[in-house]
Amino acid sequence: MDIATLTPEAQFTLAELEAKFPPRTLSEGARVTRFGPSPTGFMHIGGLYTSLVSRRLAHQSGGRFFLRIEDTDKKREVDGTVGLILASLATYGLSPDEGEIADGQELGDYGPYRQSERKPIYQSCVRWLLEQGHAYPCFASADELQELRDEQAKRKVQPGYYGSWAIWRDKTAADVAAALAVGLPFTVRLRATGTRDERVTLPDTIRGDLEFPANQTDVVMLKADGMPTYHLAHVVDDHFMRTTDVIRGNEWLASYPMHAQMFDLMGWAPPRFAHISPIEKQDGGSRRKLSKRHDPEASVGWYMEAGYPLGAVTEYLLNLIDGRFEEWRTANPGVSHEDFKIELEHMSRSGALFDLAKLDSVSRDVVGAMSAKAIYDAALVWASGHHPDFAVRFAADPAYSQAILDIERHGERPRKDIVRWDQLHTDIGYFFDDRYAELLGEAQDVFKALQPAAPQGLLAKVAAAYDPAKDRDQWLEWLRELGLEFGYAPNAKTFKAAPDQYIGHFGDLAGVLRVVLAARRNTPDLHEMMQVMGKDRVVARLSAATRW
RNA sequence: GGCCCCUUCGUCCAGUGGUUAGGACGCGGCCCUUUCACGGCUGAAACACGGGUUCGAAUCCCGUAGGGGUCACCA
């Protein structure tokens, strides 16, 4: 049998490949990690999660994090996905050190970083395995394989291509030559070496030692189109790309024995493995993986659209990765989350349930720690892409917009009322005159509902006497006295003690001013709000309201 | 079904033989207060179950149950 015809694209000897992709020269303890998405349409939050773990681990150890596009299944590939993956990673500050960084542009010496462009490498390795007798061609058709499985199901034996079920495993060279001669399509399979009672141990960084039966399945390594399966590609790539730590989803746990066997047959030392549990979602009585079909929040794009601050998503994920993050964050407020060192050993073995309420809470804290300028910049970027109307208003007067965001945000206990950028246009819209005008009708209804606790005369007086130079306490005191003249109790307690002697209390008065100035009853501190609005705007709104 | 993984408040984590089982989010109450937000105090809320081992078990062992994964020429 002519092995060369089975691997037509093989070009290298193993020694040549070793020389081409030499071990990396990195400091002791440096980890090389990777993210290997397949471009099938979107970027899953789990991919961001895994990338975050991998990149952190590499960088905090002085190593490297690379991106490898696992596009060996051309049928499933969706155009544009690579761009989406690159953009998602970049957005969250997770761009790789190596690999594809832009359309057609690659960084690093261990490429190409698209598996579809590495066929010669895979086939070279397979050729070697064929030569050693560790692999063989299989001409079984899809139908034949199906019959095999049906038969196995009928006899209630392990399904799969193994042992005596592996019909092409021990065919003669003549049989192979004959099949080849009639142009039958074929795959190349591993000649499994595992015996019945043999066990293999996986020293998992997160889970500790795990034991499995040794692999006995003659798994496909090369598909009929000459592309590698995940199994072969993983082994070959992580060897020649010199990965030290494979961090992947726990759905790969079961196939570890195959991988271990392939590393062994190739004569390579396997990397360290860490199998992480996927983020799950409550579904009725049970939990399941976040799915693209049913859960919009499974997509990284969802968080971008919803206007979650980038740091909020990252910090929430960091919480799931390492429970000590929260404690660290409390002890180090305002410090970049980049400074937190994760430890795989602290990752939970069970899958975490995605909790939106917790994300929101983390987001509140993240935004709370941001400066008005930082919030402005981030929110404007978001608005430009997702809420153009607001973006225009917001960008018109940056100083004004930032002053708005700075209200009650500069002290020891900043406001924590912002969760996502998309709430901004409703929360602070009234500061902008055009938006305020739109809200006026509703505000007047509320105002009227407040009658008789809304004396226009009082508004006129406030407008006439408004002096921005007065500090908060002075102004409040002044207003309190004015309110008293108009029948407002100085505080709720006094009012409650004698409700029939007053038309309301100071809080009601403040409420009236809020409705007039902001077209809503919930606003930040009145005094500070008025300061930011400026005297002209305040007086104009108050004066106009005397005619409501 | 075989193999494998997982199991502490609703959720995310602490806890590695002796704790009133701790924190965070969420929820309730109280306080602060010009509304909202913040903040403070406080409450309800968990060791899946059954056997062992031990003076003593959330912690160790064995079962059981439940959940999840995997058994493709998909990754």
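Here is how names work: the chains are called A, B, and so on, in the same order as the sequence lines, proteins then strands, and each is numbered from 1. Keep in mind the model is a prediction, meaning the values are calculated, not measured.
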Quiz item: In chain order, what residues pass the ring pair (Phe, Tyr, Trp, His ring centres under 6.0 Å) check against A:Phe42, with sequence neighbours excluded?
Solution: A:His44
Self-check item: C1' gap between B:A45 and B:C13, integer Å
Solution: 16 Å
Quiz item: Is any side-chain heavy atom of A:Ile69 closer than 4.5 Å to a side-chain heavy atom of A:Ser116?
Solution: no
Self-check item: Contact check, side chains of A:Arg409 and A:Asp417, non-hydrogen atoms, under 4.5 Å
Solution: yes
Quiz item: Roughly how far apart, to the nearest Å, are B:C6 and B:A44 at atom C1'?
Solution: 28 Å
Quiz item: Parallel, tilted or perpendicular: which fits the ring planes of A:Tyr256 and A:Phe212, with parallel below 30° and perpendicular above 60°?
Solution: tilted
Quiz prompt | Interatomic distance at P, B:G39 relative to B:A24, whole Å | solution = 11 Å
Self-check item: A:Tyr113 side chain near A:Leu67 side chain, heavy-atom distance below 4.5 Å
Solution: no
Quiz prompt | Length of the CG-P vector between A:Leu202 and B:C6, whole Å | solution = 11 Å
Quiz item: How does protein reach along nucleotides 35-45 of chain B, written 5' to 3' as B (base within reach of a heavy atom under 4.0 Å), S (only sugar-phosphate), or - (no contact)?
Solution: BBSBS------
Exercise. Please measure how far the P atom in B:C9 lies from the corresponding atom in B:C49, and state the result in whole Å.
Key: 10 Å
Practice problem: Could you pull out all residues at least two apart from A:Arg155 that satisfy salt bridge (Lys or Arg N to Asp or Glu O under 4.0 Å)? | Solution: A:Glu151
Identify each atom pair where a protein N or O and an N or O of nucleotides 73-75 of chain B are less than 3.5 Å apart, giving names and distance.
| from | atom 1 | to | atom 2 | distance (Å) |
| --- | --- | --- | --- | --- |
| B:C73 | O2 | A:Ala224 | N | 2.8 |
| B:C73 | N4 | A:Ala140 | O | 3.1 |
| B:C74 | OP2 | A:Lys223 | NZ | 2.9 |
| B:C74 | O2' | A:Asp73 | OD2 | 3.2 |
| B:C74 | O2' | A:Arg76 | NE | 3.2 |
| B:C74 | O2' | A:Arg76 | NH2 | 3.2 |
| B:A75 | OP1 | A:Thr72 | OG1 | 2.8 |
| B:A75 | OP1 | A:Lys223 | NZ | 2.4 |
| B:A75 | OP2 | A:Tyr230 | N | 3.3 |
| B:A75 | O3' | A:Glu70 | OE1 | 3.0 |
| B:A75 | O2' | A:Ser38 | OG | 3.0 |

Practice problem: Have a look at A:Arg480 and say if it touches a base, only the backbone sugar-phosphate, or nothing, with a 4.0 Å heavy-atom cut-off. | Solution: sugar-phosphate
Quiz item: Just how far, in rounded Å, is C1' of B:C4 from CE of A:Met258?
Solution: 13 Å
Self-check item: Rounded distance in Å - CG (A:Leu190) to P (B:A72)
Solution: 15 Å
Quiz item: Nearest of B:U34, B:C3, B:C6 to any side-chain atom of A:Arg207?
Solution: B:C6
Quiz item: Got a sec, which pairs hit side chain to side chain donor-acceptor pair (under 3.5 Å) with one end in residues 206-215 of chain A, sequence neighbours left out?
Solution: A:Arg199-A:Glu211, A:Arg207-A:Ser277, A:Asn215-A:Gln261
Practice problem: Select base, sugar-phosphate, or nothing to describe what A:Arg409 touches, counting heavy atoms under 4.0 Å on all strands. | Solution: nothing
Self-check item: Residues forming a ring pair (Phe, Tyr, Trp, His ring centres under 6.0 Å) with A:Tyr430, sequence neighbours excluded
Solution: none
Quiz item: Quantified in whole Å, what is the P atom distance between nucleotide B:A58 and nucleotide B:G50?
Solution: 12 Å
Quiz item: Mind checking the C1' distance from B:U33 to B:G15? Whole angstroms is fine.
Solution: 39 Å
Exercise. Specify the separation, in whole Å, of atom CG of A:Asp204 and atom P of B:C4.
Key: 16 Å
Exercise. Quick one: look up who B:U7 pairs with, Watson-Crick or G-U, both distances under 3.5 Å, and put none if it's unpaired.
Key: B:A65
Quiz item: Nearest-Å distance, CG (A:Asp209) to C1' (B:C5)?
Solution: 14 Å
Practice problem: Considering only atom P, compute the distance from B:C41 to B:G26 and round it to an integer number of Å. | Solution: 16 Å
Practice problem: Just say parallel, tilted or perpendicular for the rings of A:Tyr303 and A:Tyr308, cut-offs at 30° and 60°. | Solution: tilted
Quiz item: Do A:Met221 and A:Val235 have side chains that get closer than 4.5 Å, going by heavy atoms?
Solution: no
Practice problem: Scan every strand shown for a Watson-Crick or G-U wobble partner of B:G1, both distances under 3.5 Å, and answer none if you come up empty. | Solution: B:C71
Self-check item: Atom C1', compared across B:A46 and B:U54: separation rounded to whole Å
Solution: 25 Å
Quiz prompt | Pair A:Leu89-A:Phe35, side-chain contact (heavy atoms from CB on, under 4.5 Å): steps then yes or no | solution = CA-CA 10 Å; A:Leu89 290 177; A:Phe35 174 48; 4.2 Å; yes
Quiz item: Which residues satisfy the ring pair (Phe, Tyr, Trp, His ring centres under 6.0 Å) test with A:Phe139, sequence neighbours excluded?
Solution: A:Trp168, A:Phe186
Self-check item: Sugar-phosphate, base or nothing in reach of A:Glu211, heavy atoms under 4.0 Å
Solution: sugar-phosphate
Quiz item: Do the two ring centres, one from A:Trp252 and one from A:Phe273, sit under 6.0 Å apart?
Solution: no
Detail all sub-3.5 Å separations between protein N/O atoms and N/O atoms belonging to nucleotides 9-15 of chain B.
| from | atom 1 | to | atom 2 | distance (Å) |
| --- | --- | --- | --- | --- |
| B:C12 | OP1 | A:Arg287 | NH2 | 3.1 |
| B:C12 | OP1 | A:Leu353 | N | 3.0 |
| B:C13 | OP1 | A:Ser348 | OG | 3.3 |

Practice problem: Find the distance A:Ile279:CD1 to B:G69:C1' and express it as a whole number of Å. | Solution: 17 Å
Self-check item: Spacing of A:Asn250 atom CG relative to B:C5 atom P, expressed in whole Å
Solution: 12 Å
Practice problem: State which residues pass side chain to side chain contact (heavy atoms under 4.5 Å, CB included) with A:Ala10; sequence neighbours excluded, sorted by chain then number. | Solution: A:Thr7, A:Gln123, A:Ser124, A:Arg127
Quiz item: When the distance from CD of A:Glu481 to P of B:U34 is rounded to whole Å, what number comes out?
Solution: 15 Å
Quiz item: Can you list the residues that meet the ring pair (Phe, Tyr, Trp, His ring centres under 6.0 Å) rule with A:Phe325, with sequence neighbours excluded?
Solution: A:Trp328, A:Phe340
Self-check item: Residues touching RNA chain B, which here means a heavy atom under 4.0 Å, drawn from residues 46-54 of chain A
Solution: none
Quiz item: Taking only residues two or more places apart in sequence or in another chain, which ones pass side chain to side chain contact (heavy atoms under 4.5 Å, CB included) with A:Pro112?
Solution: A:Glu106, A:Glu117, A:Arg118
Practice problem: Scan every strand shown for a Watson-Crick or G-U wobble partner of B:A37, both distances under 3.5 Å, and answer none if you come up empty. | Solution: none
Quiz item: For RNA chain B, whose closest nucleotide is more 5', that of A:Thr217 or that of A:Phe212?
Solution: A:Phe212
Practice problem: Go ahead and name the base partner of B:C12; Watson-Crick or wobble counts if both distances stay under 3.5 Å, otherwise write none. | Solution: B:G23
